[in-house]
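Have a look at the structure below before the remarks.
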2 protein chains.
Amino acid sequence: MTVSRVLRGGSGFSDDTRTRVMQVAERLGYIPNRLAAAFGAEQASSLVGMCVPRLTSGLFGHVLDGVDRALTRLGFQLMIGANNHATDEEEAWVRQLVSWRPAGVILSGRTHSPGTVDLLRKTALPVVEIWDLTTSPIDMAVGFSHHDCGAEMGLHLIRRGRRRAGFVGALARADVMGAARLDGFRAALAQAGHPLTDAEVLHDAPGFYAGYYGMETLLSRRANLDAVYFHNDEMAIGGLAFCQARGLRVPEDIGIAGWGGMEAASILPRRLTTTMVPTTAIGKAAAEALVARLTGAMVPEVTVVPTRLVPGETV
Amino acid sequence: MTVSRVLRGGSGFSDDTRTRVMQVAERLGYIPNRLAAAFGAEQASSLVGMCVPRLTSGLFGHVLDGVDRALTRLGFQLMIGANNHATDEEEAWVRQLVSWRPAGVILSGRTHSPGTVDLLRKTALPVVEIWDLTTSPIDMAVGFSHHDCGAEMGLHLIRRGRRRAGFVGALARADVMGAARLDGFRAALAQAGHPLTDAEVLHDAPGFYAGYYGMETLLSRRANLDAVYFHNDEMAIGGLAFCQARGLRVPEDIGIAGWGGMEAASILPRRLTTTMVPTTAIGKAAAEALVARLTGAMVPEVTVVPTRLVPGETV
DNA sequence: AAGAAAAAAGTTATCGATAACATAGACCGT
DNA sequence: ACGGTCTATGTTATCGATAACTTTTTTCTT
């Protein structure tokens, strides 16, 4: 017990004892067994789980980074998983995670299987849902509205005089967040009296290639489009590449807009019109909300981290 | 014990008992406590730790993805950390990880603090070092030689008639792998009789901006360069953007080469000359080597996953 | 110096899964 | 019916940290 007290930095031991314990621990190369500590203790462990749609997404890399930095600073360890936009994969992962008795969980998105919600409610684990806001989170939510992002961009295109806008997405599986942007975009255009002309949604990873070929497909169907809103910046850059290859002038012949605020988007020959998403800030806020909840602090149910539409030179 | 046997799918129980156990487990929403299992058992847990330089790197995102997919399939959970290219941060992370008594560790790079190596040796944990090959790994290594990548690109530039080559890097902290590429590049050029003209190494994150401004700096010092090799593709694209902004023709006036095989690099107006790195394959191979070692199979100490120089249209 | 109070150190029980061992029951051939 | 063999089920001890409690030692007060 004295050793345990010293190593955890509590009180109830003399300086002399502390020194001796430290020396022996050092000499033996003693490494505490967190497994035993977490197992025995009634209280929360220092393990946090986080599930992202895909580990290869540039945006989520930054979110992960924000979460990891915050958690490391606060003395937590991060366990990650990917759900590939499938709620059943997420449920399988959450089930595994819960068996490790973590202190909390960070999920991405607002859509979860009933089993996942049930499980998390039953275990009463602190949960932060990030990325897409929901008004009734399982526990806490940190993010922004994808619907509003789409609507804002729709309005922006209208204001810039665009009248025949299209959309190119790559909603692999059920990427409901990309779909929410499309919904918002469509709604804003309709409200302005110039409804969405056409949408091409590929069943593919949302990368440069998908943008390139999605643009090609869309233009082959509707040659008279004057703007295209892409699922994300990578796809928009792919679309831009297609325009250059075809000799289409941007923004004179056609406007291009992306989403996500990829670094490359601001350094292209023409700065891409896009929406900046504060990825790292979201990760940081999510980690801090989780830890605050653990320490018993009051935490707002929903934290809005605003996005910012950046008018570039492509619309 | 009967319940434990049933849930782990062993033998020594009747079909009737299995059914009853399953039903009750289902009804109670029973979730096994892996903490207790991993704690009590002498044998390895189903936890694997992985440390990457930065979570925001596109390449490492793919490596993580490869590792995660393979481990999930094999029934393991992944704990991650970032070392920001600092061996002491890596050591701190490894120390935390080891206290969770994981089944194995995946580290990136061949450079580790003596404390890290000591700790891993002492705990006799299976270790896979990925990304940069070493001839004497702590335990196992999966990757390729960065030095060779640089040398190969040096030779390629020489063969394409380039005689005054420069290098632009962004070796944040101690990115020894980028430095290894520069070493190989420099050696190959020197051997061919046309030594490296100049190198600009920024202390910054290796992204588009750094490439753009690194190129600007390098050209302001040496206007007569006929080729520049970049730390990675993102920086090369940044450099390319600078050339376009300045009206420099690529590859006529100056050649540009990158590294990493970023997806965007193959869809740019001019396909970037770069080196493709089989990121996902490395992750998969690392995970499989680790698990093979755990099951007692013979595992080669060093697994070479070859890179491929892709001649594009920028040199 | 005696006794109270505080500080330091020690003891026991606990968490849940499971290895190792023990027992109960089923089924067999003779 | 009896021992032998096999299968199904049960019992005990264990892993390491630590909460809760007890005992020992030190310090302080009058």
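Naming: A, B, ... by sequence-line order, numbering from 1 per chain.
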Contact class for Ser11(B) vs. all strands (heavy atom < 4.0 Å): base, sugar-phosphate, or nothing? nothing
Categorize Ala37(A) for me: base, sugar-phosphate, or nothing, with a 4.0 angstrom heavy-atom threshold over every strand shown. sugar-phosphate
To the nearest Å, give me how far apart [atom1] ([X]) and [atom2] ([N]) are.
{"X": "Trp100(A)", "N": "dC15(C)", "atom1": "CH2", "atom2": "P", "value": "20 Å"}
{"X": "Ile31(B)", "N": "dG16(C)", "atom1": "CD1", "atom2": "C1'", "value": "14 Å"}
{"X": "Phe39(B)", "N": "dA17(D)", "atom1": "CZ", "atom2": "P", "value": "8 Å"}
{"X": "Leu7(B)", "N": "dT18(C)", "atom1": "CG", "atom2": "P", "value": "9 Å"}
{"X": "Leu35(B)", "N": "dT18(C)", "atom1": "CG", "atom2": "C1'", "value": "15 Å"}
{"X": "Asn33(A)", "N": "dG16(D)", "atom1": "CG", "atom2": "C1'", "value": "6 Å"}

May I ask you to verify if any side-chain N or O of [X] is less than 4.0 angstrom from the OP1 or OP2 atom of [N]?
{"X": "Tyr30(B)", "N": "dG16(C)", "result": "no"}
{"X": "Ser14(A)", "N": "dA8(C)", "result": "no"}
{"X": "Arg8(B)", "N": "dA19(C)", "result": "yes"}

Under 30°, 30 to 60°, or over 60°: which ring-plane class applies to Trp131(B) and Phe144(B), parallel, tilted or perpendicular? perpendicular
Any side-chain heavy atom of Val48(B) within less than 4.5 Å of one from Pro102(B)? no
Within the structure provided, determine whether Asp65(A) and Phe60(A) are in side-chain contact (heavy-atom separation under 4.5 Å). no
Does a distance-only test, which skips hydrogens and angles, find a donor-acceptor pair under 3.5 Å between the side chain of Arg5(A) and the base of dG10(C)? yes
For DNA chain D, whose closest nucleotide is more 5', that of Ala36(B) or that of Phe13(B)? Phe13(B)
Want to settle it: does Gly12(B) or Ser4(A) sit nearer the 5' end of DNA chain D, counting the closest nucleotide to each? Gly12(B)
I want to confirm an ordering. Mapping Gly40(A) and Met1(B) to their closest nucleotides on DNA chain C, which one lands closer to the 5' end? Gly40(A)
Is there a side chain to side chain donor-acceptor pair (under 3.5 Å) between Ser45(B) and Arg34(B) once you walk through the steps? CA-CA 8 Å; Ser45(B) 76; Arg34(B) 264 171 199 274; over 6 Å; no
Kindly determine whether Arg73(B) and Glu288(B) satisfy salt bridge (charged side-chain N to carboxylate O under 4.0 Å, His left out), including the steps that lead there. CA-CA 10 Å; Arg73(B) 189 168 46 77; Glu288(B) 286 170 354; 3.1 Å; yes
